[in-house]
Amino acid sequence: MADRVFSVSQLTLSIRKNLLANNEKLAGAWIEGEITGNKVYASGHRYFTLKDKDAQISCVLFAFNLRGCAREFLDVLATGEERVNGLKVQVEGELDLNMGRGQYSFKVRRIRVAGLGDRMAQFNALKTAVETEGLNKLDHPELRRRLPFLPHRIGIVTSPAGAVIHDMCDVLFRRCPNLEVRLYPVKVQGEGAVQEIVAGIRFFNGDLVHHDAGWTPDLLIVGRGGGSVEDLWAFNEEPVVRAVAASRIPVISAVGHESDVTLCDYVADLRAGTPSIAAERAVPVLSELRTQLLDLAARLRRAPLQRVETDVQQLDFLSHRLAVAPEAVLSRRERRLVDLSHRLATAPQGRLAAADRRLAELAARLAPALKDPVARLERRLQRATLMLDPPMRAAVDRSTARLRELEARLCLLNPYAVLGRGYSITTDAEGRVVRAAAEVASGARLVTRLGEGTVESVAV
C-alpha cells in the first residue's frame with residue numbers, strides 16, 4: 001500500500017479545519033489568563049500573549065473590536081499600553097490559524113478584567129514597600145546620590161552575550177578612552193538570573209571575597225537589552241531590587257527600552273532608557289573637556305592682563321580727576337564768594353530803601369488820619385448841638401473850641417508837618433536823625449526826607 005503524502009498546505013488546511021471545528025465548542029466561552037508582551041501597531045491592532053502557569057497562547061485584538069471591551073480594561077489602556085502587562089483578564093473570541101506562518105492564535109472579540117495577575121500583584125506589593133521604606137529615588141530625585149563627574153573605574157553587571165555589552169563599551173571608550181571597565185557576566189533572564197545579578201552587585205561592592213579586592217569601581221551599571229515583561233522580570237525580583245538599593249556605589253539602572261520600567265529603576269541613582277544611554281550618562285566626552293580646559297586656561301592667562309589694563313585705565317581716569325579737581329573746586333568757591341559779596345553789599349541798602357518807602361507811606365497816611373477824626377467829630381457835634389437846649393448848646397460850643405485848640409497843638413507837634421514848608425529831615429544808615437555834621441563820618445550813607453519823597457546821599 002502506497003504511503004499517503006500531504007503537502008504542507010494540505011496539512012495546515014486540515015489543522016485549520018479542526019481548529020475551526022473547535023470554535024463551536026468555544027462559542028460563548030471565556031478564556032482566563034494573564035496578559036504579557038502587549039504591543040500595539042499603527043493600525044490600532046494589538047498583539048499579546050495570554051498565559052497561565054502551564055501554557056500560553058498568542059492573541060490578537062483588532063482595532064474594531066476594542067469597543068467591545070469592558071470599561072475597566074479601557075481605563076487601564078488609557079494610562080499606558082504597558083500597564084496591561086501582568087493584568088489578569090477573561091477574553092472571548094475564536095481560534096484562527098495563519099496559513100502563511102503556520103501559527104495559530106486566538107482572535108479576541110471582548111475582554112473583561114478579572115484582577116491583577118500574580119506577577120503584577122507582586123510588582124505592586126514590592127513597589128509599595130520600596131516607597132514606604134524611602135527607597136523610591138525615581139519619584140524622589142532628592143534621594144539620589146550624585147554620580148561621579150569623571151569616573152575612572154566602571155563596573156558593569158550584564159550578560160556577556162549579545163550586543164548590549166559591546167554597545168556600552170563602544171560608547172564609553174569613544175567618549176572617555178582612558179577608562180577602566182570591568183564586566184561581571186550574569187544571566188539576565190531565566191533560572192538563576194536573580195542570584196547571579198545579586199552576586200555581581202555584591203562583588204563590585206566588595207561584599208564577596210575575590211582575587212582583586214583592591215579594584216573598586218566609581219560607578220556601577222546594571223542592566224540588559226529589551227524584551228518582554230517575562231524577559232525583564234529578574235529586575236523586578238526583590239533580591240535584585242534590594243541589592244541595587246543597598247549598593248554603596250552609585251548605580252545606573254539600564255534595563256530594556258525607554259518604555260520599560262522595572263523596580264530596579266525606582267531604587268537606582270539614575271534610570272537610563274537604554275544601556276547605550278546609560279553609557280552616555282556615565283561619562284562626559286573627554287575631548288570636549290579638554291577643549292573647555294584649554295579655553296579656561298587661555299581665559300585664566302588673559303585675566304591678569306585684562307585686570308591690569310582695567311586698573312590702569314581707572315588710575316588714569318582718577319589721576320585726571322584729581323588734577324582738575326582743585327581748580328574746579330576753587331572756581332566754584334570763587335563764584336560763590338563773589339555772589340555772596342554782591343548780595344552782602346546790596347542787602348543793607350535794599351533794606352534801608354524799603355524802610356524809607358514804608359516810613360513815607362505811613363507819614364502820608366498819618367496827616368489825613370489826624371484830621372479826619374476831628375472833622376468827623378465836629379460834624380457829629382454840630383448835628384447833636386442842634387438838638388440841644390441853649391444851656392447845653394453853650395457847653396458844646398465851649399468843648400468844640402477846646403477841641404480845635406487841641407487839634408492845632410497836635411499839628412504843631414507833628415514832626416513831618418514842617419516838611420511841607422520846605423524843611424527836610426536827614427537820617428544815617430541806622431535811621432537816626434542827623435542834627436550836626438560832626439555826627440556823620442566821611443563816606444557815610446545819608447537819607448534825606450523831603451515834603452514829597454526822599455534823597456539818598458554820601459557824606460564827604
May I have the step-by-step check of side-chain contact (heavy atoms from CB on, under 4.5 Å) for L220 and S247, ending in yes or no?
CA-CA 9 Å; L220 192 58; S247 174; 4.2 Å; yes
Would you call D207 and R248 a salt bridge, using N to O less than 4.0 angstrom?
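Looking at R248 together with D207, the answer is yes, because their closest N to O distance falls below 4.0 Å.
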Would you call [X] and [Y] a side-chain contact if the rule is heavy atoms closer than 4.5 Å?
| X | Y | answer |
| --- | --- | --- |
| L172 | I156 | yes |
| N136 | L143 | no |
| P151 | V283 | yes |
| V84 | F48 | no |
| L289 | F149 | yes |
| R299 | D295 | yes |
| F106 | L50 | no |

Quick check: closest heavy atoms across F204 and R182, and the distance to 0.1 Å?
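For F204 versus R182, the nearest heavy atoms are CZ-O, 3.6 Å.
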Minimum heavy-atom separation for L232 to G226, with atom names?
CD2-C, 4.3 Å
All side chain to side chain donor-acceptor pair (under 3.5 Å) counterparts of [X], not counting sequence neighbours:
| X | answer |
| --- | --- |
| R109 | E92 |
| N178 | none |
| Q103 | R101 |
| R202 | none |

May I have all residue pairs that pass salt bridge (charged side-chain N to carboxylate O under 4.0 Å, His left out) and include part of residues 232-245, sequence neighbours excluded?
E133-R242, E238-R242
Residues which pass ring-ring contact (aromatic ring centres under 6.0 Å, His included) with H45, listed by chain and number, not counting sequence neighbours
F62
Suppose we screen for ring-ring contact (aromatic ring centres under 6.0 Å, His included). Which residues come up paired with Y47, at least two apart in sequence or across chains?
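Y41.
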Heavy-atom donor-acceptor pair, [X] side chain to [Y] backbone, under 3.5 Å:
| X | Y | value |
| --- | --- | --- |
| Q90 | A114 | no |
| D52 | G33 | no |
| T291 | S287 | yes |
| D218 | R153 | yes |
| N236 | L263 | yes |
| N38 | R46 | no |

Which ring-ring contact (aromatic ring centres under 6.0 Å, His included) pairs, counting each pair once, include a residue from residues 233-279, with sequence neighbours left out?
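ring-ring contact (aromatic ring centres under 6.0 Å, His included) check on residues 233-279 returns no pairs.
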Pairwise ring-ring contact (aromatic ring centres under 6.0 Å, His included) hits with a residue in residues 171-192, at least two apart:
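Every pair satisfying ring-ring contact (aromatic ring centres under 6.0 Å, His included) with a residue in residues 171-192: Y184-F203.
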Would you give the length of the straight line joining atom [atom1] of [X] to atom [atom2] of [Y], rounded to the nearest 0.5 angstrom?
| X | Y | atom1 | atom2 | answer |
| --- | --- | --- | --- | --- |
| N98 | S58 | CG | OG | 11.0 Å |
| N85 | E34 | CG | CD | 9.0 Å |
| I221 | L219 | CD1 | CG | 5.5 Å |
| R224 | K187 | CZ | NZ | 12.0 Å |
| Q189 | I197 | CD | CD1 | 10.0 Å |
| I35 | C59 | CD1 | SG | 8.0 Å |

According to side-chain contact (heavy atoms from CB on, under 4.5 Å), who are the partners of S159, at least two apart in sequence or on a separate chain?
A161, V188
Please lay out, stage by stage, how R175 and E288 fare under the test side-chain contact (heavy atoms from CB on, under 4.5 Å).
CA-CA 9 Å; R175 294 170 68 89; E288 293 179 358; over 6 Å; no
Side chains of residues 63-78: which donor-acceptor partners sit under 3.5 Å, not counting sequence neighbours?
from: N65; atom 1: ND2; to: V108; atom 2: O; distance (Å): 3.3
from: R67; atom 1: NH1; to: F64; atom 2: O; distance (Å): 2.8

Taking only distance into account, with no hydrogens and no angle test, what donor-acceptor pairs under 3.5 Å do side-chain atoms of residues 267-279 form with protein atoms, sequence neighbours excluded?
from: D269; atom 1: OD1; to: K137; atom 2: NZ; distance (Å): 2.9
from: D269; atom 1: OD1; to: R145; atom 2: N; distance (Å): 3.0
from: D269; atom 1: OD1; to: R145; atom 2: NE; distance (Å): 3.2
from: D269; atom 1: OD2; to: R145; atom 2: NE; distance (Å): 3.3
from: D269; atom 1: OD2; to: R145; atom 2: NH2; distance (Å): 2.9
from: D269; atom 1: OD2; to: V251; atom 2: N; distance (Å): 3.0
from: R271; atom 1: NE; to: D265; atom 2: OD2; distance (Å): 3.3
from: R271; atom 1: NH1; to: E258; atom 2: OE2; distance (Å): 3.3
from: R271; atom 1: NH2; to: E258; atom 2: O; distance (Å): 2.7
from: R271; atom 1: NH2; to: D260; atom 2: O; distance (Å): 2.9
from: T274; atom 1: OG1; to: I277; atom 2: N; distance (Å): 3.2

